[in-house]
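This report refers to the structure that appears directly beneath it.
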Amino acid sequence: MGYQHMRTPIDELLNRWEQGEIDAEAVWYAAEDLWDTVDLLYIDFPDDHPDSPILEVLHDLSILNHQLIVREDIPALKKFLHAKPGSTVAAWQAYRAYLDSIDYQKRRDDLCDDDVYFPRQATDPDT
């Protein structure tokens, strides 16, 4: 059994986030729940495997706080998610190029006050 069936719930999740119905935290938790259903043998999938983009997008969303995935990334995520069988190698190249183009230092700076990406440590009010 492949993972083509996972494209729809991932796409719905991205659409809801894009439309502002849910926030990054809701996406993260929903993606974690979906990720928990994946057979982790997928990790060995080569770039030309038709399921590899689907699972990579899901994986990235399930750790979006570490990957610093934000709403502006949705078009690139959707494009990669919908890579057609036979074109996944090119889709991987385009996705990697997109990720490489992100200014992560700026993104960290922009997200530094967002508890989803940079949770604050609990402080003791007596110290």
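Sequence positions, counted from 1, serve as the residue numbers for this chain. All values derive from a computational prediction rather than experimental measurement.
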TODO: Given side-chain contact (heavy atoms from CB on, under 4.5 Å), test D60 with D73 step by step and report yes or no.
DONE: CA-CA 11 Å; D60 286 354; D73 298 320; over 6 Å; no
- [ ] Output yes when R96 and D100 qualify as a salt bridge under the 4.0 Å nitrogen-oxygen rule, no when they do not.
- [x] no
TODO: Output yes when a side-chain donor or acceptor of T37 lies under 3.5 Å from a complementary backbone atom of L34, and no otherwise.
DONE: yes
Task: Sidechain-backbone polar pair: S62 side chain, A31 backbone, donor-acceptor under 3.5 Å - done: no
Task: Derivation of the side-chain contact (heavy atoms from CB on, under 4.5 Å) call for N15 and K78 - done: CA-CA 9 Å; N15 287 336; K78 283 183 172 184; 2.4 Å; yes
Which value, rounded to the nearest 0.5 Å, describes the distance between [X] atom [atom1] and [Y] atom [atom2]?
X    : Y    : atom1 : atom2 : answer
E25  : L64  : CD    : CG    : 9.5 Å
L99  : Q67  : CG    : CD    : 7.5 Å
R108 : D114 : CZ    : CG    : 14.5 Å
D11  : H82  : CG    : NE2   : 3.5 Å
Q19  : L14  : CD    : CG    : 11.0 Å
I10  : H5   : CD1   : NE2   : 9.0 Å

Open item on the list: If I compare all heavy atoms of S87 with all of A83, which pair ends up nearest, and what's the gap?
Closed with: OG-C, 4.1 Å
Open item on the list: For a quick test of reading the model, state the closest non-hydrogen atom pair linking R107 to I69 and the distance between them.
Closed with: NH1-CA, 4.3 Å
Task: Chi angles and distances behind the side-chain contact (heavy atoms from CB on, under 4.5 Å) call for E56, F45 - done: CA-CA 10 Å; E56 184 65 21; F45 284 0; over 6 Å; no
Task: side-chain contact (heavy atoms from CB on, under 4.5 Å) between L13 and I22, worked out - done: CA-CA 8 Å; L13 192 59; I22 58 175; 3.6 Å; yes
Open item on the list: If we check ring pair (Phe, Tyr, Trp, His ring centres under 6.0 Å) with H59, which of these qualifies: Y3, W35, W28?
Closed with: W35
Would [X] and [Y] show up in the same hydrophobic cluster when neighbours are defined by side-chain heavy atoms closer than 4.5 Å?
X    : Y    : value
Y29  : Y117 : yes
Y104 : Y98  : yes
I102 : F118 : yes

Open item on the list: Is the ring pair F80/Y95 parallel, tilted or perpendicular, if the boundaries are 30 and 60 degrees?
Closed with: parallel
Open item on the list: Given K106, which partner from the list D103, D109, D110 fulfils the side chain to side chain donor-acceptor pair (under 3.5 Å) test?
Closed with: D110
Task: Non-hydrogen side-chain atoms of M6 and V38 separated by less than 4.5 Å - done: yes
- [ ] May I ask you to check whether Q4 and R7 show a side-chain donor-acceptor distance below 3.5 Å?
- [x] yes
